[in-house]
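Quick notes on the structure that follows.
Hydrogens, waters and symmetry mates play no part in the numbers below; they use all other heavy atoms, side chains included.
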Amino acid sequence: MAMNSCGCDYGISNGPAVLAADFLRRCQLGGKVSPGQWPSTMLILLLVYTGLQGDKPVLVDFDDLAERVRESVEQVRTEVAWLVEHEFLALDGDVDGVARIWVNPSVAFLPGTDPRVAAARYRFPYIDTAEGGMGAEEPVIVYPYEPEVWNAVYDAQREMFEDPPVFRRCPAHAV
């Protein structure tokens with residue numbers, strides 16, 4: 001159970017659930033989609049979590065997000081619904097096309113925020129990738145919400161949560 005630095009000036013650190021979301025989406029779609037036609041799930045997830053500001057939900061304007069990913073609002077809503085269904089995100093209201101979205105801390109978190117608090121708020125599972133990645137029989141591992149799991153993640157990665165490294169560039173912010 002490891003977290004990695006996003007490497008951006010904003011200090012956002014991403015976790016294994018970022019890759020797990022991509023693995024799971026690809027597995028569910030199988031060979032039904034040509035490689036150039038993968039859904040915008042990953043880009044949507046990245047754009048949502050780069051909106052993190054402290055221990056607050058991200059406000060997402062679906063019209064703006066659709067424009068940024070060059071998809072219809074309906075398609076963006078479909079992808080966000082998939083991310084919510086699989087607990088990478090939690091939707092906390094949607095009024096006039098603007099949603100309050102909480103990010104599972106196994107996807108991303110900000111320094112100075114305790115991922116255990118965010119995990120407890122929505123009983124987020126800890127989502128990881130299997131050893132062997134996409135080649136594994138089950139490439140995504142979902143540990144149901146248990147405070148003990150999140151405590152173990154925190155203890156194993158205490159330095160990352162309390163003082164994560166911050167680098168200078170991140171492709172996410174070039175989008």
Side-chain angles (χ1 to χ4, degrees), residues 3-4 6-8 10-110 113 115-129 133-134 138-145 150 153 170-175:
M3 306 295 267
N4 299 305
C6 171
C8 64
Y10 297 94
I12 297 171
S13 292
N14 64 10
V18 172
L19 193 54
D22 185 51
F23 284 3
L24 185 59
R25 194 68 168 135
R26 288 174 185 259
C27 285
Q28 288 182 346
L29 291 173
K32 300 175 189 169
V33 180
S34 63
Q37 298 297 314
W38 288 112
S40 52
T41 313
M42 290 305 299
L43 181 55
I44 290 168
L45 183 59
L46 182 133
L47 290 171
V48 169
Y49 82 68
T50 55
L52 284 169
Q53 295 181 1
D55 187 24
K56 299 176 185 174
V58 177
L59 296 179
V60 175
D61 180 317
F62 281 105
D63 288 332
D64 178 59
L65 186 55
E67 186 177 313
R68 293 181 75 189
V69 298
R70 297 184 179 128
E71 296 276 0
S72 69
V73 171
E74 181 179 315
Q75 182 60 35
V76 169
R77 284 184 174 280
T78 298
E79 295 304 319
V80 167
W82 183 89
L83 289 162
V84 169
E85 176 186 351
H86 292 89
E87 300 182 277
F88 295 99
L89 303 173
L91 183 63
D92 184 19
D94 180 352
V95 178
D96 296 328
V98 177
R100 288 172 35 105
I101 296 179
W102 293 92
V103 177
N104 180 326
S106 66
V107 170
F109 67 94
L110 286 174
T113 60
R116 298 171 297 183
V117 174
R121 181 179 290 119
Y122 278 95
R123 301 185 58 79
F124 278 124
Y126 183 80
I127 303 172
D128 203 351
T129 55
M134 284 293 290
E138 294 290 330
V140 175
I141 302 167
V142 178
Y143 299 94
Y145 174 78
W150 281 100
V153 168
C170 175
H173 295 100
V175 177

Are side-chain heavy atoms of [X] and [Y] found at a separation under 4.5 Å?
| X | Y | answer |
| --- | --- | --- |
| Tyr143 | Val153 | no |
| Val84 | Trp102 | no |
| Thr41 | Asp22 | no |
| Val103 | Leu45 | no |
| Asn104 | Tyr145 | no |
| Pro105 | Phe124 | yes |
| Phe88 | Leu24 | yes |
| Ile141 | Ile127 | no |

What pairs with [X] under side-chain hydrogen bond (donor to acceptor under 3.5 Å, both in side chains), at least two apart in sequence or on another chain?
| X | answer |
| --- | --- |
| Arg123 | none |
| Gln75 | Glu79 |
| Asp94 | Arg77 |
| Asp61 | none |

Under the salt bridge (Lys or Arg N to Asp or Glu O under 4.0 Å) rule, collect the residues that match up with Asp64, sequence neighbours excluded.
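Asp64 satisfies salt bridge (Lys or Arg N to Asp or Glu O under 4.0 Å) with no other residue.
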
With Asp92 via salt bridge (Lys or Arg N to Asp or Glu O under 4.0 Å) - residues at least two apart:
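Partners of Asp92 by the salt bridge (Lys or Arg N to Asp or Glu O under 4.0 Å) criterion, ordered by chain and then number, come out as Arg100.
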
Looking at [atom1] of [X] and [atom2] of [Y], how far apart are the two atoms once the value is rounded to the nearest 0.5 Å?
| X | Y | atom1 | atom2 | value |
| --- | --- | --- | --- | --- |
| Phe23 | Met42 | CZ | CE | 9.5 Å |
| Ser40 | Leu47 | OG | CG | 9.5 Å |
| Glu71 | Leu43 | CD | CG | 9.0 Å |
| Leu89 | Ile101 | CG | CD1 | 6.0 Å |
| Leu19 | Thr129 | CG | OG1 | 5.5 Å |

Between [X] and [Y], which heavy-atom pair has the shortest distance, and what is it?
| X | Y | result |
| --- | --- | --- |
| Ala108 | Tyr49 | CB-CD1, 3.4 Å |
| Asp55 | Thr113 | N-CG2, 3.9 Å |
| Val76 | Val69 | CG2-CG2, 3.6 Å |
| Val142 | Pro125 | CG1-CB, 3.6 Å |
| Ala99 | Leu91 | CB-CD1, 3.5 Å |

